[in-house]
A.B. asks: 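Have a look at the structure that comes next, please.
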Amino acid sequence: MSALNLYDTATRQVGKFTPIKSGEVSIYVCGATVQASPHIGHIRSAINFDTLRRWLIKSGYNVTFIRNVTDIDDKILQKAAQEKTPWWALAMKYEREFTAAFDAVNVRPPTYEPRATGHITAMVELMQILIDNGSAYAPGNGDVYLEVRTVKRYLTLSGQRIDDLLPATDDDLATSKKRDPRDFALWKSAKPGEPSWPTPWGAGRPGWHLECSAMAHAYLGESFDIHGGGLDLIFPHHENEIAQSEAAGYGFAKRWLHNAWVTQSGEKMSKSLGNSLLVAVILQRVRGIELRWYLGSAHYRSMLEYSESALDESAIAFRRIESFLKRSAETLGKIPDSVVSDSFAAAMNDDLAVPAGLATISENLRLGNQGITDADTAAISKNASEIRGALEILGCDPFDSHFAGSARSDLTAAMDGVIKLALAERASARDRKDFAASDAIRDGLLALGITIEDTAQGPRWSIMEKS
RNA sequence: GGUCGGGUGGCCGAGAGGCGAGGCAAGGGACUGCAAAUCCCUCUACACGGGUUCAAAUCCCGUCCCGACCUCCA
């Protein structure tokens, strides 16, 4: 099998992936700030990194996957005040929504999912190191800032120069205790009524960036293999994580991966633009497995332009594949094995080139369907197995127990018996060329959501998917 | 202003010096009582203008257009 090559935002090049420790991969992904319901952009990010994780595991690595939850920040406090609910209740409510959304699209739970508020001690320790070595300062008002000009390398990920940055506008420079307007808050002093935790520099709460440095260090150590997140996190969030962590003497992330947006009319989906499509709403249109297929089918670094018709077409394409697999299982009398083909592996090893991988699935699908027509068991088995192997990596294996649903096999068997009675009636009508009667039976079943197809092996029924 | 992406056929979407990924749609055909499903065949491209090269969608220069980030963001 060829070796895995991955893009690195820091070098803007695809290069051979070599883990720090042979056979082990450590990943930190910036997860949700739980201040609103998840939209499909959030879920796309999670799917991209879940696919990476699955591929690493399939490639034989032992993967430690950390994805955090930011459960305290300005917006959470703001929204909690608006809704007159405790901030922690609001955060937990949305955290559960994110968990449910991840689950619906078969994103595996991370190895550990740390919350910011559970790691205050680690953050205070990190701030102490930074203050002791002169990288950070506490001006006495309860805030703690990182002094960016003391950092040896700053803005290496986004390729900017510190003097090119537009000066902060949201900061009241006249009253700010910052030494430089580009310095950023590690810790924010508590305003009256706000939650706070005690520190040697005053009571307050974490700045956004500090938590990730502290939690990555807590679970993955001073250096780890991959740090991921959305494109918009490159600056400031990831630059600031690097600044803090490197100033503390940590090696930090060896490679940076960033996923692109889901867009609408070319524009990024975001709550502030009011164009976000909530996962819960989309799931009324297509099944979770279909949403995953749609969101996971684009290359992770390419924008994915959302449209209803693209989603529908994608779902239909997926059902073709699914239908072939189910038919294969019927023909073979067992669920096909899961095999990763060389061509799919080569695609995945090339910076997770999922679209190239989909081309190999198309080829398998064509040959497999041919196999069904020709009753060529070997061809069916080979192609069904290779499709299943690919779908497993993409998190879209219809035989995955995650998607098996609640269909009870005894109910299915009973239904099969009932439908076969109807099909027997239809067969005898067809025998006496009473096509009006036979079509009435087929149409009647169709009205109930059951499709009948006549195959070389006789009629076959299936339940129609929604939409 | 700085930094970073992008513009490919009717649509979606890869590729990154040579032999036109793939899918959807469309047209034709096979199979079928009809349908559905499936298979086979066919068609249509690289924003624009220069340049480099035996050869450019791909490299270089310029232009136009779209988007992202610059302290809320997946």
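Chain identifiers are assigned alphabetically (A, B, ...) following the order of the sequence lines, protein sequences preceding nucleic acid strands; residue numbering begins at 1 within each chain.
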A.B. asks: Walk along nucleotides 29-37 of chain B from 5' to 3' and tag each nucleotide B, S or - by protein heavy-atom contact under 4.0 Å, base first, then sugar-phosphate.
C.D. replies: ----BBBBS
A.B. asks: For A/Leu165 and B/C69, give me the distance from atom CG to atom C1', rounded to whole Å.
C.D. replies: 10 Å
A.B. asks: Return the value, rounded to whole Å, for the distance between atom CZ of A/Phe324 and atom P of B/G23.
C.D. replies: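 Computing the A/Phe324:CZ to B/G23:P distance gives 15 Å.
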A.B. asks: Could you walk me through whether A/Leu257 and A/Thr9 pass side-chain contact (heavy atoms from CB on, under 4.5 Å), step by step?
C.D. replies: CA-CA 6 Å; A/Leu257 258 57; A/Thr9 307; 5.7 Å; no
A.B. asks: Do NZ/NE/NH1/NH2 and the carboxylate oxygens of A/Asp103 and A/Arg108 come within less than 4.0 Å?
C.D. replies: no
A.B. asks: Of all the base pairs, Watson-Crick or G-U under 3.5 Å, which form stems of three or more consecutive pairs involving RNA chain B?
C.D. replies: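 Expected stems, ordered by start: B:1-7 with B:64-70, B:10-12 with B:22-24, B:26-30 with B:38-42, B:47-51 with B:59-63.
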A.B. asks: Looking only at atom C1', what distance separates B/C61 and B/C54, rounded to whole Å?
C.D. replies: 22 Å
A.B. asks: Using a cut-off of less than 4.0 Å, is there contact between a side-chain N or O of A/Ser302 and OP1 or OP2 of B/G13?
C.D. replies: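 No.
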A.B. asks: Rounded to whole angstrom units, what separation is found between the CD atom of A/Glu363 and the P atom of B/C40?
C.D. replies: 9 Å
A.B. asks: Give a yes/no answer on whether the side chain of A/Thr360 brings an N or O atom under 4.0 Å of OP1 or OP2 in B/G22.
C.D. replies: no
A.B. asks: Measure NZ/A/Lys268 against P/B/A74 and give the value in whole Å, please.
C.D. replies: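 Going from NZ in A/Lys268 over to P in B/A74 covers 8 Å.
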A.B. asks: Test of understanding: with side-chain hydrogen bond (donor to acceptor under 3.5 Å, both in side chains), list the residues that count as partners of A/Arg53, not counting sequence neighbours.
C.D. replies: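 Once residues adjacent in sequence are excluded, A/Arg53 has no partner under the side-chain hydrogen bond (donor to acceptor under 3.5 Å, both in side chains) criterion.
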A.B. asks: What about A/Phe65 and A/Phe49, are their ring centers closer than 6.0 Å?
C.D. replies: no
A.B. asks: In this structure, how many angstroms lie between the C1' atom of B/A25 and the CG atom of A/Asp312, rounded?
C.D. replies: 15 Å
A.B. asks: Counting any heavy atom closer than 4.0 Å, what does A/Gln160 reach on the DNA or RNA strands: base, sugar-phosphate only, or nothing?
C.D. replies: base
A.B. asks: Say you pick atom C1' in B/U52 and the same atom in B/U58; how far apart are they, in whole Å?
C.D. replies: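 My reading of the C1' atoms in B/U52 and B/U58 gives 13 Å.
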A.B. asks: Between C1' on B/G13 and OH on A/Tyr294, what's the gap in Å once rounded to a whole number?
C.D. replies: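 Value for this atom pair: 12 Å.
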A.B. asks: Hey, does the side chain of A/Gln370 come within less than 4.0 Å of B/C40's phosphate (OP1/OP2), counting only N and O?
C.D. replies: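 Yes, within the criterion.
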A.B. asks: Provide the distance between the two C1' atoms, one in B/U8 and one in B/G1, to the nearest whole Å.
C.D. replies: 32 Å
